[in-house]
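In this text, all values refer to a predicted model and were calculated from it rather than measured experimentally.
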Amino acid sequence: MNNLSCYNPTSFILVGIPGLEKFHIWIGIPFCVIYAVAIVGNCILLYLIAVEQSLHEPMFILLSMLASTDLILSTTTVPKLLGNLWFGSQEITFSGCLSQMFFLHFSFVVDSAILLAMAFDRYVAICSPLRYNTILTPQVIVKIMVSIIVRSFLVILPVVFLLKRLPYCKTLVIPHTYCEHIGVARLSSADISINIWYGFSVPLMIVVSDVILIAVSYIFILRAVFLLSSQGARQKALSTCGSHVCVILMFYTPAFFSILAHRFGHSVPRNVLILFANLYVAIPPALNPVVYGVKTKKIQDKFLLLFSFKKTLSGL
């Protein structure tokens, strides 16, 4: 019976941010604000893209997919974080832990693939503008979106089974605010070399290949831009990529920093790593709609039109 309970633990305990327990209430306030911004911003973005016919273009359809994934990412982690920090809700069921871990890693891989698809969209728009509508047809966009979801699902699903096969007889306490693959695997008393190999190399190889292809796309984009004779045309072409580049930097820079810090930053205090990991899953979903709202004129115009229309109605 004891051996059976090792393979089927009822729950885990999420410690929170070790060493900062007396600041938990205060730490939760900015995360609550960031989460509220993420929910409101992405929901407004999805609403605008859904109701405005002029935004039914490949770039904005991919942006709506990014907003949906960001909602999943932030909702998977931040509410449990706030419950932990404010109400001491540290317990999470084994199935809940696996679900949280799956959607966390799944969202990360999906986001990376969406950014690659957006880079391809910008490449076609700038390097082959006359063929844009014939290359990126609605059918092609649907195929790209389906392939992104299927690829991400197939990459992350084995992680669930790699964790389910392990016995957890040693400890059920996770020194973190959410469940992530290697953190849960380290609780096992068995050999986790397969988990370490798969969890580190396979998703990382997928994401690194996305980064390389994005870089190649932008090399061709920059080459095409600098071949333009008009300075105004150059600036217009580059401005269409500005928001995408900002989102790429916000997504990949902290992600790779977090991965490297966890692997090689043994001198960095654990509570700093955990705090940074939580900022990483909370801030990009909040900033992405803000970046696209500020840097994309079409979204800006529709946003202002929406609120001016609401003000007009309220004044009647």
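The nearest pair of heavy atoms linking Ala190 to Pro167 is CB-CD, 3.6 Å. Heavy atoms only, all atoms of each residue included: Tyr198 and Leu154 are closest at OH-O, 4.1 Å. Gln100 and Thr76 get closest at one heavy-atom pair: NE2-O, 3.0 Å. Scanning both residues, Phe106 and Phe153, for their nearest heavy atoms gives CE1-N, 3.6 Å. Closest non-hydrogen pair, Leu46 versus Ser68, comes out as CD2-OG, 3.6 Å. Minimum interatomic distance between Leu136 and Pro58 (heavy atoms only, all atoms of both residues): O-CG, 3.7 Å.
The CD1 atom of Ile214 sits 4.5 Å away from atom CD1 of Ile248, with the distance rounded to the nearest 0.5 Å. Separating the CD1 atom in Ile29 from the CZ atom in Phe23 is a distance of 13.0 Å, to the nearest 0.5 Å. Rounded to the nearest 0.5 angstrom, Tyr47 OH and Ser64 OG are separated by 15.5 Å. Between the CG atom in Leu157 and the NE2 atom in His105 there is a gap of 13.0 Å [rounded to 0.5 Å]. From Thr69, atom OG1 reaches atom CG of Asn288 across 10.5 Å, with rounding to the nearest 0.5 Å. Expressed to the nearest 0.5 Å, how far CD1 of Ile174 lies from CG of Leu14 amounts to 5.0 Å.
Under the side chain to side chain contact (heavy atoms under 4.5 Å, CB included) test applied with Thr77, the options Leu82, Thr177, Leu104 reduce to a single match, Leu104.
Under the 4.5 Å side-chain contact rule for hydrophobic residues, Val33 and Ile283 do not share a cluster. Linking Ile, Leu, Val, Met, Phe, Trp and Tyr whenever their side-chain heavy atoms come within less than 4.5 Å leaves Val173 and Leu98 in two separate clusters. Note on Ile25: it clusters hydrophobically with Leu279, by side-chain heavy-atom contacts below 4.5 Å among ILVMFWY residues. Under the 4.5 Å side-chain contact rule for hydrophobic residues, Leu227 and Ile126 do not share a cluster. In this structure, Val15 is not a member of the same hydrophobic cluster as Ile92, with clusters built from ILVMFWY side-chain heavy atoms closer than 4.5 Å.
Evaluation of the disulfide (SG to SG under 2.5 Å) test over residues 190-230, restricted to residues two or more places apart or in two chains, returns none. Under the disulfide (SG to SG under 2.5 Å) criterion, the residue pairs touching residues 44-135 are Cys97-Cys179, with sequence neighbours excluded. Listed by first and then second residue, the disulfide (SG to SG under 2.5 Å) pairs that reach into residues 55-87 come to none, sequence neighbours excluded. Applying the side-chain hydrogen bond (donor to acceptor under 3.5 Å, both in side chains) test to pairs two or more places apart or on separate chains, those with a residue in residues 200-213 are Ser112-Asp210, Arg151-Asp210. For residues 210-242, the set of pairs meeting the disulfide (SG to SG under 2.5 Å) definition, not counting sequence neighbours, is empty. Within the structure, no pair that satisfies the salt bridge (charged side-chain N to carboxylate O under 4.0 Å, His left out) test touches residues 214-232, not counting sequence neighbours.
Residues Tyr292 and Met59 are in side-chain contact: their nearest non-hydrogen atoms beyond the backbone lie under 4.5 Å apart. Residues Val216 and Phe220 are in side-chain contact: their nearest non-hydrogen atoms beyond the backbone lie under 4.5 Å apart. Side-chain contact between Ile156 and Phe108: absent, with no pair of heavy atoms (C-beta onward) separated by less than 4.5 Å. Side-chain atoms of Ile13 and Leu172, non-hydrogen and from C-beta on, never get closer than 4.5 Å to each other. A 4.5 Å side-chain heavy-atom check between Met145 and Ile61 finds at least one atom pair inside the cut-off. By the 4.5 Å heavy-atom criterion applied to side chains, Leu20 and Trp26 are not counted as neighbours. Taking 4.5 Å as the limit, every side-chain heavy atom of Val184 sits out of range of all side-chain heavy atoms of Met101. A heavy-atom distance below 4.5 Å is found between the side chains of Leu163 and Tyr168.
A donor-acceptor pair under 3.5 Å is absent between the side-chain atoms of Asp70 and the main chain of Asn42, judged by distance alone. At distances below 3.5 Å, not a single donor-acceptor pair connects side-chain atoms of Ser128 with backbone N or O atoms of Val124. With hydrogens and angles ignored, the 3.5 Å screen pairs no side-chain donor or acceptor of Ser188 with any backbone N or O of Ala185. Glu57 places no side-chain N or O within 3.5 Å of a backbone atom of Phe60 that could act as its donor or acceptor partner. Under a 3.5 Å cut-off, the side chain of Gln90 and the backbone N or O of Asn84 do not form any donor-acceptor pair. Although no hydrogens or angles enter the test, the distance criterion places a donor-acceptor pair under 3.5 Å between the side chain of His244 and the main chain of Leu115.
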* Intermediate values then yes/no, side chain to side chain contact (heavy atoms under 4.5 Å, CB included), Met65 and Ile148 -> CA-CA 10 Å; Met65 190 179 182; Ile148 286 171; 3.8 Å; yes
* Asked: What do the steps show when you test Ile27 against Asn278 for side chain to side chain contact (heavy atoms under 4.5 Å, CB included), and what is the final call?
  -> CA-CA 11 Å; Ile27 292 171; Asn278 281 284; over 6 Å; no
* Passes side chain to side chain contact (heavy atoms under 4.5 Å, CB included), Tyr178 versus Leu81? Steps please. -> CA-CA 7 Å; Tyr178 57 77; Leu81 166 68; over 6 Å; no
* To do: Apply side chain to side chain contact (heavy atoms under 4.5 Å, CB included) to Arg165 and Asn195, showing your working.
  => CA-CA 11 Å; Arg165 72 183 179 86; Asn195 294 72; 2.8 Å; yes
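No hydrogens or angles considered: a donor-acceptor pair under 3.5 Å links the side chains of Tyr35 and Thr75.
A search for side-chain contact (heavy atoms from CB on, under 4.5 Å) contacts involving Ala286 returns Ile34, Val37, Ala38, not counting sequence neighbours. With sequence neighbours excluded, the residues forming a side-chain contact (heavy atoms from CB on, under 4.5 Å) with His24 are Ile17, Glu21, Leu85, listed by chain and number. When the side-chain contact (heavy atoms from CB on, under 4.5 Å) test is applied to Val142, the partners found at least two apart in sequence or on another chain are Val146. When the ring pair (Phe, Tyr, Trp, His ring centres under 6.0 Å) test is applied to Phe103, no partner is found at least two apart in sequence or on another chain. Residues passing the side-chain contact (heavy atoms from CB on, under 4.5 Å) test with Pro284, sequence neighbours excluded: Tyr280.
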Show me the side-chain donor-acceptor pairs of residues 48-56 shorter than 3.5 Å, one per line, residues at least two apart or across chains.
residue, atom, partner, partner atom, Å
His56, NE2, Ile49, O, 2.9
His56, NE2, Ala50, O, 3.2
His56, NE2, Glu52, O, 3.3

